[in-house]
Amino acid sequence: MCEAARSILVVVGVLAGAIAIAAGLIWVERRLLALWQDRLGPNRVGPFGLLQVMADMIKIMTKEDWVPPFADRAVFVLAPAIIVVTALLSFAIIPFAPGIGVVDLNVGLLFFLAMSSLGVYSVAFAGWASGNKYSLLGGLRAAAQMLSYEVFMGLSLMGVVILAGSFNLRTIVEAQEDMWFCIPQFLGLVIFVIAGVAETHRLPFDLPEAETELVAGYHTEYSGMKFGMFFVGEYIGVTLISALVVTLFFGGWNGPVLPPIVWFLLKTSLFICLFILLRATFPRPRFDQLLGFGWKVMLPVSLANLLVTGAVTLARG
Amino acid sequence: MNAVFYISSLVAVIATALVVTRVNVVHALLYLIVSLLAVALIFFVLGAPFVAALEVLIYAGAIMVLFVFVIMMLNLGARGERRQKALLNPSIWIGPGILAIVLLGELVYVLIGQELPPTSGSEVSPKQVSLALFGPYALGVELASVLLLAGLVGAYHLGRRVAPPRAPSKEDP
Amino acid sequence: MFELLWLIPALPLAGFLVIALMGGALARRAVAVIGVGSVGAAAIVSVGVAAQFISAPPPGDSLTQVLWAWLEVGLLRPHVALCLDALSVTMILVVTVVGFLILLYSAEFMGDDESYAWFFAYMDLFVASMLILALADNLFFLYLGWEGVGLCSYLLIGFWYKERENARAAMKAFIVTRVGDVGLAVALLLIFTSLGTLQIQEVMRRAAQEWAVGSNTATLAAALLLCGAVGKSAQAPLQTWLPDAMAGPTPVSALIHAATMVTAGVYLIARTNGLFSLAPAVQSVVAIIGVATLLLGGLSALVQRDIKRVLAYSTMSQIGYMFLALGVGAWSAAIFHFATHAFFKSLLFLGAGAVLLATDEQRDMFKLGGLRAEMPYTFWTFVAGAASLAALPLVTGGFYSKDMMLWNAWTSPKGSPWLWLGGALGALITALYAFRMVFLTFFGERKSVVSRRPGPIMRIPMGILAVLSIFAGFLETPGWLGGMDYLSPFLGTALPGLPHAKSQPAMELFLQALTSLLCVSGVLVAYLLFVAHPEVPDRIAAIKAGGWLQGFWFSGWGFDRVYEFIVVKPFVRIALANRGDVVDTLFTGLARANEALHSSLSRTQTGKLRDYALGVVAGAVLAIGIMVLL
Amino acid sequence: MAQVPMEHGLYVAGLLFCLGLVGVLVRRDLLFVLMSIEIMLNAAGMAFVVAGAGWQQPDGQIMFIFILTMAAAEVAVGLALIVQFHHHFKTLDADAARRMRG
């Protein structure tokens, strides 16, 4: 009974935590961007504008939830849910600390990859269902981009799997007690971060929603809470990728003195900030450059990384 | 957990039936994805987590996305719905339906007499699968890679638009 | 020298291959050099081999050179093997020497022909085939040569195939000889099935052991062999192709249809003499066929107008003599006459060729005449040949060979005075037509223009052959005339001799005198009829019986008409009746049924993907159903 | 983990296969045909996995992986063909390409 209650508590905690962090990120991002771009950012609602999130929520909730008549209603409604659901489901396999985690899946890493590959449908269907040509183009771009980068994402993680000898994230974290995988798998880390940015289609890889060319791409027609879900889904994705980077490459909860869960949250926050820094600094490439970079640079590099890792592991016996 | 199996089976069958009968290709595709996810769940509860993950990752996540991609590229969907409906007059279902039922009957007939073990519920881990895959089945892996290469080359060649598209051929009298 | 035996057929074959494969690229002179030279080289090798054979005979008086195993099917293991004995030595000598001389002659004679290269290619192939035929160690290999010469004969008769008649003649020759060849093929099968071998010496040995004299199998085998021989050697009743075969170029007639190929039948019978000895009935038939043909051919030759047809009928008749000799068991005499005949008949053909060349293909003797002064060289050589043909006593080769045959026909155990009488009568007729030809062509008033005289390349072979046809006879002379006998004992090593019943010099002398008288009188009669009183023949022809006889003989005793009536016409009628092809209805019916089936099946090809898939699935369901339920 | 009779899993696989079969036979739109083929392939793979689970052997899963590979290659080529088809005929109706009928 106690076990069941604990499980439920963890699940609820993780869900709430993830959503809360994602929501909080909206404020964090705006503040940080303002800081780096030498402007103010939201600072009126509450101390340091902290309540700005609440204001935005109220606004978004009360907006008219409009579905365009030319849209495919069912798919239009379904699409934003997918991204939030898949991203949240991925949190199930993250080991936050010893004993804290939703499931201990021995194909955990594959589960994450599977979920992220399902996330493609969200943007693709959103773009298609809107019945708008910009949206369609945005959806197409999103599909192509996510499909491409998923490949390297998976490949870049295989180095970690080889070193840890398991798909289980908990085992992977435990395998990093002596050395974080960011050292032997530095290349994998770089690829994974780039692929992660592409997967969440944040700047500089936000071509599916490029405002200047596609009028916000696949979510042009969305409004109200449906738009809010895309918006929040993106921040959940950022959080998820950061958490995974920490888990896979930076030793997860491992760290001296402080309790494991604190270490984990600290590291994750650091990487979230890094994502925001990326957005603040990089320009947006052309779409063909994006795909070309993916297939012509990332794929060979990740394959080489995998090959070398495998060879070294074999050589060491 | 047995309930999960039966529920997923039901979902898979219903979703698949809907795939076959839909007129909107995107809806059909969505149902197909649901069906595949349900099958993945079946795999999982039957103790095959590795292929369950692959089912989602490759089948639902990659192969079906290709379909979506093509649908979006050709801009199909709602536009062709009425025409699709016209193509599916009820009488067309009779022959295939009978054939399928006969085939299913044959299958059931074969299985009824057999003494098959129940699924044990214990897991066949990814490690076991990998060991067998790169052990006795190594040749199969090589062949599969060759097949993929052939598919790659074939798809590239077919996908190229070399000649300007021909005028649509006249409907034969 | 013996180890070079294989070169003898191989050289002309190589010549054929070289010319046939690169004929287009070779100059005419090169073609002539290769074509003639290859046979000449073969002749030199032959002479060398023959010289060694005579001076140092191999053990058992025969020599076999196995080159390689041709094929192996069960018991049938024919080797490509050459067998050299006295008979084949004689044969290859004649074939290569005469062949070389004729080819040499052709080099000039065919000079203007557009298919020069092919002519030499075919001729070389012919010589090669003929040598294979002569040297073959087994009947299977012999049959290869046999068919090879048949093929070359066909190709060369129809050499000027652009004229329909020539092509027809070629086909006729081919088809008529084929009738005989079928007999030979069956004979081979029979021999193989009953004796289990085709190796000639082995066949003779086993036949003598296993078959009784006059047994049915032996008779049948000999009769079938005879069939082949009759066809190839243009004997009655399969002689009709030979006169038409004159459509070919004259050197071809000289080589193939006078000197060599047509005597293949004689060679075959001599070769398989053991079998014929076992079948006395068949041997008698051989003699009767010989006599019948020699009279038939002679009488037909008597009334021909075409100089080459005269020679053709004459050939037929002379081979009839050889058959007569074979029939009475005088194997050596037949081969002796074969040799002398090869010389004088090819000489006559070459002479006729020179005449035709000079007068622009004027074959009608009645339109020739008076060429004696214009072409003295040709005239004298021609006369030498004609004299030998007419067997003018003492001075010609033909006299000695013919005399030997006639004497044997009288004295041999199988002979009889009747056969002798036929032969003697034939001698008279031979003299008559031979000199009719000479007188008509070279005497009397000149009726045609001589445009061209034979050059040295044509003269040399004619001269050599003239010498040979006069002097070849001295190889074998009767007892009272020196009693030279070089050939008979030599051939005796390969061919059984005749049991010399009793020496009857008086009788022999009397008969010789009688035949000599007949020959000389024949010449005289010819002189009277065609030079002194040329109107007499016309007067004879004017009589009803005479005219009819002339027509009858002219047409070669109407064999063509008879065959036309009993073979060709019915065949054509059947073919016409069968124009719709009775048998074909079965096949067309099959085709129709297939078509109907096809069109009903093709209706299933709707082009619709679903229909195909439906077919596949239905089939699968059915197959699985069968597997499940059974 | 579920402990169900192996037949039940196989029945489900068979049912899915037959549904895919009906789809192939009934639909004229090439995309639907291809999707139905995917259903059939997946059902066949499922039968393997179920059998593998029943016998506690990895072979079933391996066969599924091979089928997956095959399906991936097949879809790549099939979709390329469909795109070309659409360029040619401006439709995806398979019957538009019935020029080859007997």
Side-chain angles (χ1 to χ4, degrees), chain B residues 1-2 4-5 9 12-13 16-17 19-20 25 28 32 36 39 43 45-48 50-51 54 58-59 63 66 70 74 84 87 92-93 96-97 100 103-104 107 111 116-124 128-129 132-133 137 140 144 147-148 151 154-155 158-159 161 165-166 168-169 172, chain D residues 1-7 9-12 14-16 18-23 25-26 28-29 31-32 35-36 38-39 42 46 49-50 52-56 58-59 61-62 64-66 68-77 79-84 86-90 93 98-99:
Chain B
M1 283 301 245
N2 284 5
V4 176
F5 171 81
S9 301
V13 171
T16 309
V19 172
V20 177
V25 66
L32 183 51
L36 292 171
V39 171
F43 288 172
V45 298
L46 286 179
F50 185 54
V51 291
L54 283 186
I58 312 264
Y59 243 126
I63 296 179
L66 282 180
V70 168
L74 302 182
Q84 287 280 359
L87 295 180
I92 217 172
W93 294 90
L103 190 63
L104 198 62
L107 187 74
L111 287 176
L116 292 171
T119 55
S120 63
S122 63
E123 191 180 288
V124 178
Q128 279 172 280
V129 176
L133 194 60
Y137 287 96
L147 178 71
L148 280 176
L158 286 170
R161 230 195 296 180
R166 278 204 334 229
S169 73
D172 283 325
Chain D
M1 290 290 161
Q3 281 182 309
V4 293
M6 200 208 278
E7 295 95 298
L10 293 177
Y11 289 152
V12 173
L15 199 55
L16 291 180
C18 288
L19 283 168
L21 190 65
V22 170
L25 295 184
V26 167
R28 280 168 69 175
D29 190 304
L31 263 175
F32 277 96
M35 274 156 67
S36 302
E38 289 307 308
I39 294 172
N42 185 47
M46 181 182 172
V49 173
V50 169
W55 300 106
Q56 282 297 297
D59 305 61
Q61 296 191 35
I62 286 169
F64 180 81
I65 291 169
F66 287 153
L68 199 66
T69 317
M70 208 274 283
E74 176 250 339
V75 164
V77 175
L79 284 176
L81 278 173
I82 282 178
V83 170
Q84 288 291 0
H86 196 263
H87 284 318
H88 268 266
F89 296 103
K90 305 294 171 211
D93 184 359
R98 53 184 298 199
R99 280 191 304 175

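Throughout, protein chains are lettered first and strands after them, A, B, ... in sequence-line order, and every chain is numbered starting at 1.
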Completion exercise
With sequence neighbours left out, the residues meeting ring-ring contact (aromatic ring centres under 6.0 Å, His included) with B/Phe43 are D/Phe64

Handout entry: D/Glu7 side chain vs B/Leu111 backbone, donor-acceptor pair below 3.5 Å
Key = no

Practice task
Side-chain contact test, heavy atoms from C-beta onward, threshold under 4.5 Å: evaluate it for B/Leu147 versus D/Phe66 and give yes or no.
Solution key: no

Exercise for the section: Indicate the atoms forming the closest heavy-atom contact of D/Leu19 with B/Ala17, along with that distance. Expected result: CD1-N, 3.9 Å

Fill in the blank from the handout: Whatever's closer than 4.5 Å to a heavy atom in chain B on D/Val77 counts as both

Exercise for the section: Provide the closest heavy-atom pair for D/Ala76 versus B/Ala155 in the form atom of the first, atom of the second, distance. Expected result: O-CB, 3.7 Å

Practice task
Heavy-atom pairs under 4.5 Å with chain D are the metric here; pick the option from B/Gly154, B/Ala144, B/Gly97 that has the most.
Solution key: B/Ala144

Practice task
With a 4.5 angstrom heavy-atom cut-off, could you sort out which part of B/Val129 is near chain D: side chain, backbone, both or neither?
Solution key: both

Problem - Non-hydrogen atoms of B/Gly47 and D/Gln61 that approach each other most closely - result: O-NE2, 4.0 Å

Completion exercise
Rounding to 0.5 Å, atoms CG (B/Leu46) and CE (D/Met46) come to a distance of 7.0 Å

Practice task
To the nearest 0.5 angstrom, please state how far the CG atom of D/Leu10 sits from the CG atom of B/Leu107.
Solution key: 7.5 Å

Problem - Engaged part of D/Leu15 at the chain B interface, taking heavy atoms whose separation is under 4.5 Å - result: both

Fill in the blank from the handout: Rounded to the nearest 0.5 Å, the CG atom of B/Leu74 sits from the CG atom of D/Leu31 at a distance of 7.0 Å

Problem - 4.5 Å side-chain heavy-atom contact, D/Ile39 and B/Val19 - result: yes

Exercise for the section: Could you look at D/Glu74 and say if it's the side chain, the backbone, both or neither that has a heavy atom under 4.5 Å from chain B? Expected result: neither

Practice task
Specify the closest pair of heavy atoms between D/Leu16 and B/Ala12, including all atoms of both residues, with the distance to one decimal.
Solution key: CD2-O, 3.7 Å

Exercise for the section: Hey, could you give me the CZ/CG distance between D/Phe32 and B/Leu32, rounded to the nearest 0.5 Å? Expected result: 10.5 Å

Handout entry: Side chain / backbone / both / neither for D/Val4 at chain B, heavy atoms under 4.5 Å
Key = both

Practice task
Mind listing the closest non-hydrogen atom pair of B/Tyr59 and D/Asn42 along with its distance?
Solution key: OH-N, 3.6 Å

Practice task
Would you mind checking which part of B/Leu104 comes under 4.5 Å of any heavy atom in chain D, side chain (CB onward), backbone (N, CA, C, O), both or neither?
Solution key: both

Problem - pair D/Thr69-B/Leu148: side-chain heavy atoms closer than 4.5 Å - result: yes

Practice task
With side chain to side chain contact (heavy atoms under 4.5 Å, CB included) as the test, would you mind laying out the steps for D/Ile65 and B/Leu54 before giving the verdict?
Solution key: CA-CA 8 Å; D/Ile65 291 169; B/Leu54 283 186; 3.8 Å; yes

Problem - Gap between atom CG of B/Leu133 and atom CG of D/Asp59 - 0.5 Å precision - result: 10.5 Å

Practice task
Answer with side chain, backbone, both or neither: which region of B/Tyr137 has an atom nearer than 4.5 Å to a non-hydrogen atom of chain D?
Solution key: both

Handout entry: Note, D/Val83 side chain near B/Leu158 side chain (heavy atom, < 4.5 Å)
Key = no

Practice task
Among the options D/Ala73, D/Cys18, D/Ala71, pick out the one with the most heavy-atom pairs lying under 4.5 Å from chain B.
Solution key: D/Cys18

Completion exercise
Note: vs chain B, highest number of non-hydrogen pairs under 4.5 angstrom among D/Leu21, D/Val49, D/Val50, D/Ile82 is D/Val49

